[in-house]
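Position 1 is the first residue of the sequence; numbering continues from there. Keep in mind it's a predicted model, so treat the numbers as computed, not measured.
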Amino acid sequence: MASDNVNDGRDARDAGDEAAAGAGLSTAPAQEDETPAAAGAPREEGGTAHPGSFGGARRPGAAGAAGWLAREVTGWARWAWRQLTSMRVALILLFLLALGAIPGSLIPQSDANALLVEEFKADNDLLGRVYERLQLFDVYSSVWFSAIYILLFVSLIGCIVPRTWQFTGQLRGRPPRAPRRLDRMPAYTTWRTGADPEQVLGAAQRVLKRRWFRTAPGEGSVAAEKGYLREAGNLLFHLSLIVMLVAFGTSQLFYSEGGKLVVEGDGFSNTLPQYDDFSSGTLFDVDHDLDPFGFTLNEFTAEFSREGPDLGTPTVFRADITYWTPDGTETDATVQPNQPVVIGDSKIYLLGHGFAPVITVTDGQGRTAYSGPVPFLPQDTALTSTGVVKVTDYLDENGEPEQLGFQGFFNPSYAIDEVRGPHSTFPDPDLPVLTLTAYHGDLGLDSGIPQNVYQLNTRKLEQFTDEDGEPFRFDLLPGESIDLPDGKGTISYEGYERWATFKVSTKTGNGWALTGALAAVAGLAGSLLLQRRRVWVRATTDEAGRTVVELASLGRTESARIPEELADLAAALQPDAPMIPESSDQGARA
C-alpha cells in the first residue's frame, strides 16, 4: 500500500510537470474567476444577505446600499466589457457592419447625389419618409452605422491590447524545464551512448541552435523551443486590424471626391463651384484642403476594334491635358484608365467619354440665342446618347421673351428601326446624326427648384408641331440647320466635340490601409503555417555507467512533422552521441 501511495504521488507530480510543459502555448487572454463567491465581498457581521447578481453582503444603511450598488454596477460593467471584447461579439459586429453597408449601396445617398435623393423622395413619398427617419439616405454618417463601427473598433482594441501584452511576454519567455517523465510526451526517443552527459548536452544545444531553436540549459537537460514567429504573426495580424480600422476611419473623415465633365478645349479649376458633384468627409475643409491647381482638356482620343469578337471594344482611351499649379508651372500629362495623374495630394482619374454636338439657335428676331457644345450622355456601348438643350435668352417672332427646349438623341453611327427607333450601331462617328424634338414655353428655371441639366421638364412647355399637327421632330447632319415652325427661329448642327469625365480624389489613409492589409495577410499566414513546438534533451548515467539519452517533443497541435523533426534531431546528434547496440528490446520509439 505504501508503494502504491508513492507511485500515485509520483504520477501526480508527473502530471503537473506535463501540464507545466504544455502551459504558455495558448494565446487566449487569461480569464479571471467571476463566480459569485469569488466576486462578492465576504459577509460581515451584522450584514444581511441581499440577492444580487454578483453576491456579497449588504451592510445596513445608506453606505451599505451605496456599496452594494457600486458592486453591482461594477460587476455588470465588467461583464459587458468582457462580452464586447469577445471574439464572438467582434464577429457579430463585423457582420452587422457589412450588413449595414448594403442599403448604402442600393439606396441613393445624400453625400453622393442629393438630386437623386430628392427625386426618390418625390416618387416614393411614404417610403422616402421611412428611409429618412431610418437615416438610410446617409448610411455611412448615420448614428446606427457609426455606433456599429465604434463598437467594433472598441471591441478589437479591448481584445488586442491584452493579447499584445501576452504575446510580448511569450516572445520574451524562456523554454520551460524538462518534465520528469519525457516518455509521456507525444514524440519520444531514447538510446544509450558511451559519451559523457556533458558532451551530449553540449552537442544537443549546438544542434538545436543551428536549427533556430531557443535553448535553455538545465540540470542534466536542455530545453528548446521554436515557432515564436507564430505568436508574432498573431500579434502582427491583430495590430494590423487596428491600423486598417484607423486608416478607414481617417479616410472617411478627411476624404474628398468630385466629378467633372470637360469638353475638349475647356478647362477646370479645383474649386468647389467647378464640380458637377462633390462629396467630402466631415473634417475636410473645402476652403483650405483642396489642392490649388487646374487643367485643360487638350484632346480626347478613343479608338475601337472594328473586327473580330472584340468588335466595338476600346483599344485606345486617353485624355491629353495640361495642368498648372500656383507657381505658374504648366505641365503636359496623359490620363488613362487606372493611370491617374497625381497633383499634390489629389489624383485625377479618367472615368468616361462621349460626344457634345455643337448647336446654334437663332430666335424669332434673327439673333443668336444660344451657341456652343452640349454634352449628350451615352446610354449603351455603341454610345447612343441622350441630351437636352435649354435656351433661356430667347425672343419670339413678336419680340416677346420666351424659352425653348430641345431633347433627343445623338447617334455616332446612325440607324433606325421600329423596335429601338433612332440608335447607334458603333461608337465611332461614322454617321453622326442629331435627332431632336422642340418645345417652347417656360422651362421652370425661375422656380428656385434645382433641375438636372440633362433632363427637360415639359410640364409648362408646349411641343412644336408640323403642318400636319404631328410632333415636330427632325434629324440633322453636321453643317445642317432647320427652321422652327411659325417663324420661331432656326437651329443649326455645326458639328461635334468630344468630352471626358474626370474624378478628382483626395484619399488620406490609403497607404496605411494597404500596409495594414498586407501586414494582416502576412501575420495570418505566419500564424497558420508556423507551429509552436518544444524539444527536451536529457542525458543521465545508468547503473552500468552508460549515458542514457532521451529526446521528447511537444507541439501545440497534432502534426506529423513533430515526430519527423524529432527523428531528424536524433540523427543529427548521433555523431556526438553514437548509439551502443544492445540485445534488449529497449530502443527508440516515436
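Other residues, nucleotides and ligands contribute only 12 or fewer heavy atoms inside 6.0 Å of the CZ atom of Arg561. More than 12 heavy-atom neighbours from other residues, nucleotides or ligands sit within 6.0 angstrom of NZ on Lys507. Within 6.0 Å of CH2 in Trp144 there are more than 12 heavy atoms belonging to other residues, nucleotides or ligands. Within 6.0 Å of the CH2 atom in Trp324, the count of heavy atoms belonging to other residues, nucleotides or ligands exceeds 12.
Shown here are the side-chain hydrogen bond (donor to acceptor under 3.5 Å, both in side chains) partners of Thr325, two or more places apart in sequence or in another chain: Asp327. Applying the ring-ring contact (aromatic ring centres under 6.0 Å, His included) test to Tyr323 and every residue at least two apart in sequence or in another chain returns nothing. Contacts of Tyr349 classified as ring-ring contact (aromatic ring centres under 6.0 Å, His included), with partners at least two apart in sequence or in another chain: none.
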Worked verdict on Phe502 versus Phe295 for ring-ring contact (aromatic ring centres under 6.0 Å, His included) | CA-CA 11 Å; Phe502 299 89; Phe295 66 87; 5.1 Å; yes

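The six-membered or imidazole ring of Phe120 lies near that of Tyr131, with a centre-to-centre distance under 6.0 Å.
Arg538 contributes a side-chain N or O that, together with a main-chain N or O of Arg180, makes up a donor-acceptor pair within less than 3.5 Å. Trp536 places no side-chain N or O within donor-acceptor distance of the main-chain N or O of Leu554, the cut-off being under 3.5 Å.
Each of Arg214, Arg533, Arg534, Arg174 was scored for a side-chain hydrogen bond (donor to acceptor under 3.5 Å, both in side chains) with Glu225, with one residue passing: Arg534.
Atom OG of Ser527 and atom CZ of Phe237 lie 7.0 Å apart (nearest 0.5 Å). Rounded to the nearest 0.5 angstrom, Glu257 CD and Ser346 OG are separated by 11.5 Å. Atom CG of Leu93 and atom OG of Ser155 lie 6.0 Å apart (nearest 0.5 Å). For the atom pair CG (Leu253) and CZ (Phe248), the distance works out to 13.5 Å, reported to the nearest 0.5 Å. Distance check, rounded to the nearest 0.5 Å: CG of Leu182 to OG1 of Thr189 gives 11.5 Å.
Shortest non-hydrogen contact noted between Pro578 and Thr193 is O-OG1, 2.7 Å. Considering all non-hydrogen atoms of both residues, Thr547 and Ala195 come closest at OG1-O, 2.5 Å.
Taking a cutoff of 4.0 Å between a charged side-chain nitrogen and a carboxylate oxygen, Arg318 and Glu299 do not qualify as a salt bridge.
Using modelled atom types and a 3.5 Å distance limit, the side chains of Asp345 and Thr506 yield no donor-acceptor pair.
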